[in-house]
**Student:** 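First the structure, which I've put down as structure tokens, then a few questions once you've had a look.
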There are 2 protein chains.
Amino acid sequence: MSRRNITINDIASSLNVAPSTVSRALNNSSRISEKTRIRVQEKARELGYEINLIASSLSKEETGTIGLIIPGINRFFFSQAASGVESVVRDRGGRLIIAQSNETLEREKEITRMFQSYRVDGVIASLSVETDEVDHLACLQSRNIPVVLFDRVHFGLECTKVVVDNFEGAYRAATHLVKTGCKRPAFIGGPFSSKLFQQRADGFSEALRDHDIPLQPGFLLTTDLTTTDVHDAMRKWMSRSDPPDGIFTASASTGLLVIRIARDYQLGIPDDISIITFGNEPCHEYTHPSLSAIDMPGHDIGATAARHLLDEIRYGSSEHNLVIAPLQLRIRNSTLKKDGWEKP
Amino acid sequence: MSRRNITINDIASSLNVAPSTVSRALNNSSRISEKTRIRVQEKARELGYEINLIASSLSKEETGTIGLIIPGINRFFFSQAASGVESVVRDRGGRLIIAQSNETLEREKEITRMFQSYRVDGVIASLSVETDEVDHLACLQSRNIPVVLFDRVHFGLECTKVVVDNFEGAYRAATHLVKTGCKRPAFIGGPFSSKLFQQRADGFSEALRDHDIPLQPGFLLTTDLTTTDVHDAMRKWMSRSDPPDGIFTASASTGLLVIRIARDYQLGIPDDISIITFGNEPCHEYTHPSLSAIDMPGHDIGATAARHLLDEIRYGSSEHNLVIAPLQLRIRNSTLKKDGWEKP
DNA sequence: AATAATAGTGCAACCGCTTGCATTATATTA
DNA sequence: TAATATAATGCAAGCGGTTGCACTATTATT
């Protein structure tokens, strides 16, 4: 059982050539004769040689590794995105390090420091809710490590960003509610400190305005989206004599919660109340009724972010784009009122 | 904007000490005087020094990085497990590289080669369905890279394994079905090439035997668990004059599918037919009715695997354990028949 | 056949940190 | 005070590749 790993020196000496020749042969340098290349590669296979990427990284001053920061890997959207990133990075022969911020800025900073130490070639990130400044990311850039943000972006950082059009998605969701017969739609979203929720609220409002549906006072709620918050909101709404007949939740998980609470209130979905969410999860197919949603293509978003980052690394272009990923309206039963105006 | 990264040499020369002194000071070696240590650490902070982990890894011949191989990051159980691994690894100051096999052996082999090249300190893996031999993992071990398997393990590899007791879980699920009034429970699982499904089937059978419930012919199905397979199975069962009155699915996703198909057949759940699954997902709370399950603690399993691996790395112990993670029976509405024998 | 151009290979420095051993400064002991 | 033990620091050789440049072997040009 050979303890020590085979190195290019082993190959070199067993073939009586220089290590540099071996290195070039293994990297298919054009400066090596076909004959030698084959001799070297065969010997390498014979000895079970595997390149030491650490050594290679050190001398090449690039690691072929990119770092991914997400709030939590175990949330559907982010795991989809991670999957997308991973597949692109792998296709291009790279490696991926994934780290979770757990929604704290402190941890996010820790991770960027770690990535810096690791000399990753680039970083893709979706920011924690807490993140209100981006010095830690700017620091990466100043050390020549390009950054690409997706979904949870911050416009204080000059970099390529891959986002969905939150305004448009919300607009479409609200329009869908209206077109399927809702006269009194309501909105529940997260804090406006996150631009994303602001935009979703705006899209919702504008859609109502454009369709001449008045926004009832108290029907546009901003909370922290904790379970309690959502329960409170529902209680407030349902205790009214004129409750909403449609709800748009600005997050997928909130929608799932709302559908359950609505059932507890014995509300008929969608006939008493329609429900649609921003964000789509596998669950949505399995709820009762199945839950309509604005679907954010997580995998594509991750893949796109990765492609942009890798291009920036490869070509050193410092051209920063704002990429808008397409949204899909997934109509399911939670918004198909019997007497709705529009049936698919 | 300083392009080049600060190195220990920069610190050394600006302080007129040797690089080795700086290195030791930064690593809190006891061989350095308090005074120098502080001087060095302050200067390091002042210059914005960040250790180059690549260089450090190369000279220490250890990377502080561990590799994780899972079939797919975007599946709940595995993302939970990954999360568990990550948190433990991070607590101990390490880094994690995650790679997905996408359920193919070939990709799994590729990953192990990549990990080898990366000189990860250890590997945690949950095998692809295709994986019927473990030479690629044995190869890691032979190069002194310890391996820990979880959930999808292979007993051909001598290593620590973290699993759940599939037999017992299935036994408990089946017993639960029986105790809640099922007289004709059925089982649908994956191919027996995977030990795990075999064990679940065995647990199911034994529970019936122990409770004197006969297993009807054709009620223990082994398929590839594709959507078509599940539909076929349900059609076969439901076209009988004496269909099952309870179904135990050996995977969570199959259960979700079954509950939907059952609704399409207009079956009352749980009164006409109870459903319980091996594996629990957030979805289970939101289906209608909510779906009972044997819950595998993904996060804990990952964390446990990580702890064992890191200990093996640190202490070089070659003692290999079989760790059985506890299962939880999550009783929800899909198994609470009105006239069941046992109510919680 | 002599010269120039080109292809193939080797030398050696380097990437940045670590570490065994040698050396020097300081403290302890006789 | 000299001899010895101990603490603090420095030297230099790695770790395993990569790469600019020098050098040799081969081929093309006149």
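Letters go in sequence order (proteins before strands), and every chain restarts at 1.
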**Student:** Is the distance from OP1 or OP2 of dG16(D) to the nearest side-chain N or O of Y118(B) less than 4.0 Å?
**Tutor:**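 Answer is no, no contact under 4.0 Å.
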**Student:** In terms of side-chain heavy atoms of A18(B), which of dG10(C), dG10(D), dA8(D) is nearest?
**Tutor:**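 The answer is dG10(D), which lies nearest to the side chain.
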**Student:** Using a cut-off of strictly less than 4.0 Å, decide whether S23(B) has a side-chain nitrogen or oxygen near OP1 or OP2 of dG16(C).
**Tutor:**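 Negative; the distance criterion is not met.
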**Student:** Roughly, in whole Å, what's the span from CD in E61(A) to P in dT18(D)?
**Tutor:**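 Rounding to the nearest Å, CD of E61(A) and P of dT18(D) are 13 Å apart.
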**Student:** Do you know the tightest heavy-atom contact between V147(B) and L149(B)?
**Tutor:**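 In this case the closest contact between V147(B) and L149(B) is CG1-CD2, 4.1 Å.
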**Student:** What nucleotide, of dG20(C), dT18(C), dG17(D), holds the atom closest to the side chain of S56(A)?
**Tutor:**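 Of all the options, the side chain of S56(A) is nearest to dG17(D).
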**Student:** Across the strands shown, which category fits V22(B) at heavy-atom distances under 4.0 angstrom: base, sugar-phosphate, nothing?
**Tutor:**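 Answer is nothing: V22(B) stays at 4.0 Å or more from every strand.
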**Student:** Would the base of dC11(D) count as contacting S20(B) through its side chain, where contact means a donor and an acceptor less than 3.5 Å apart?
**Tutor:**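 It does, because a donor-acceptor pair links the side chain of S20(B) to the base of dC11(D) below 3.5 Å.
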**Student:** Rounding to a whole Å, what distance do you find between K35(B):NZ and dA8(D):C1'?
**Tutor:**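 Going from K35(B) (NZ) to dA8(D) (C1'), I get 10 Å.
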**Student:** Measure from the side chain of I32(B), starting at C-beta and using heavy atoms only, and say which of dT9(D), dC17(C), dT9(C) lies closest.
**Tutor:**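 Side chain of I32(B) sits closest to dT9(D).
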**Student:** Separation of N9(A) atom CG from dC15(D) atom C1', in whole Å?
**Tutor:**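 Between C1' of dC15(D) and CG of N9(A): 11 Å.
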**Student:** What integer distance in Å separates N28(B):CG from dT19(C):P?
**Tutor:**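 Roughly 14 Å, once rounded to whole Å.
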**Student:** Looking only at side-chain atoms of Y49(A), point me to the closest of dG10(C), dG17(D), dG10(D).
**Tutor:**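 Given the options dG10(C), dG17(D), dG10(D), the side chain of Y49(A) is closest to dG17(D).
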**Student:** Which sits closer to the 5' end of DNA chain D, K60(A) or T21(B), going by the nucleotide each is nearest to?
**Tutor:**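 Checking each residue's closest nucleotide, the 5'-ward one belongs to T21(B).
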**Student:** Just distance, no hydrogens or angles: give the donor-acceptor pairs under 3.5 Å from side chains in residues 76-83 of chain A, sequence neighbours left out.
**Tutor:**
{"from": "S79(A)", "atom 1": "OG", "to": "F76(A)", "atom 2": "O", "distance (Å)": "3.0"}
{"from": "Q80(A)", "atom 1": "OE1", "to": "N74(B)", "atom 2": "ND2", "distance (Å)": "2.9"}
{"from": "S83(A)", "atom 1": "OG", "to": "Q100(B)", "atom 2": "NE2", "distance (Å)": "3.1"}

**Student:** Under the 3.5 Å rule, do the base of dG20(D) and the side chain of R24(A) count as making a donor-acceptor pair?
**Tutor:**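 Indeed, a donor on one side and an acceptor on the other fall under 3.5 Å apart.
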**Student:** Determine the contact category for S57(B): base if any of its heavy atoms lies under 4.0 Å from a base atom, sugar-phosphate if only primed atoms, P, OP1 or OP2 are that close, otherwise nothing.
**Tutor:**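 Nothing: the residue S57(B), judged by heavy atoms under 4.0 Å, touches no strand.
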**Student:** Do Y118(A) and T65(B) touch side chain to side chain, with heavy atoms closer than 4.5 Å?
**Tutor:**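 A side-chain contact exists here, since the closest heavy-atom pair is under 4.5 Å.
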**Student:** For I51(A) and dC15(D), what is the distance between atoms CD1 and P respectively, to the nearest whole Å?
**Tutor:**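 Those two atoms, CD1 and P, are 17 Å apart.
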**Student:** Would the number of heavy atoms belonging to other residues, nucleotides or ligands and lying under 6.0 Å from CD of E133(B) be above 12?
**Tutor:**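 Result for CD/E133(B): enclosed.
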**Student:** Checking all strands, does S33(A) fall into the base, sugar-phosphate, or nothing category for heavy-atom contacts under 4.0 angstrom?
**Tutor:**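 Result for S33(A) = sugar-phosphate.
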**Student:** What contact category does D10(A) fall into here, base, sugar-phosphate, or nothing, at under 4.0 angstrom with non-hydrogen atoms?
**Tutor:**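 No contact.
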**Student:** Could you tell me how far apart R31(B) (CZ) and dA8(D) (C1') are, to the nearest whole angstrom?
**Tutor:**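 Distance check: R31(B) CZ to dA8(D) C1' gives 9 Å.
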**Student:** Can you tell me the distance, in whole Å, between the CG atom of L26(B) and the C1' atom of dT19(C)?
**Tutor:**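 After rounding, the gap between these two atoms is 15 Å.
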**Student:** Given side chains that start at C-beta, do those of E130(B) and E103(B) come closer than 4.5 Å, heavy atoms only?
**Tutor:**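 With C-beta onward as the side chain, the pair stays apart.
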**Student:** Less than 4.0 angstrom between a side-chain N/O of N27(A) and OP1 or OP2 of dT18(D), yes or no?
**Tutor:**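 Looking at the OP1 and OP2 atoms of dT18(D), one of them is under 4.0 Å from a side-chain N or O of N27(A).
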**Student:** Name the closest nucleotide to the I8(B) side chain, picking from dG20(D), dC17(C), dG17(D).
**Tutor:**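 Between dG20(D), dC17(C), dG17(D), the one nearest the side chain of I8(B) would be dC17(C).
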**Student:** Could you please name the option among dT9(C), dG16(D), dC17(C) that lies closest to any side-chain atom of A55(A)?
**Tutor:**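 Comparing dT9(C), dG16(D), dC17(C) against the side chain of A55(A), the answer is dG16(D).
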**Student:** Run the numbers on K109(A) and E106(A) for salt bridge (Lys or Arg N to Asp or Glu O under 4.0 Å), then give the verdict.
**Tutor:** CA-CA 5 Å; K109(A) 288 181 172 174; E106(A) 193 200 332; over 6 Å; no
**Student:** Could you tell me how far apart I11(A) (CD1) and dT9(C) (P) are, to the nearest whole angstrom?
**Tutor:**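 Atom CD1 in I11(A) sits about 15 Å away from atom P in dT9(C).
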**Student:** Between dC15(C), dT9(D), dA12(C), which nucleotide has the shortest distance from any of its atoms to the side chain of L58(A)?
**Tutor:**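 Nearest listed nucleotide: dC15(C).
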**Student:** Measure from the side chain of S59(A), starting at C-beta and using heavy atoms only, and say which of dT19(D), dG17(D), dT9(D) lies closest.
**Tutor:**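 The closest nucleotide is dG17(D).
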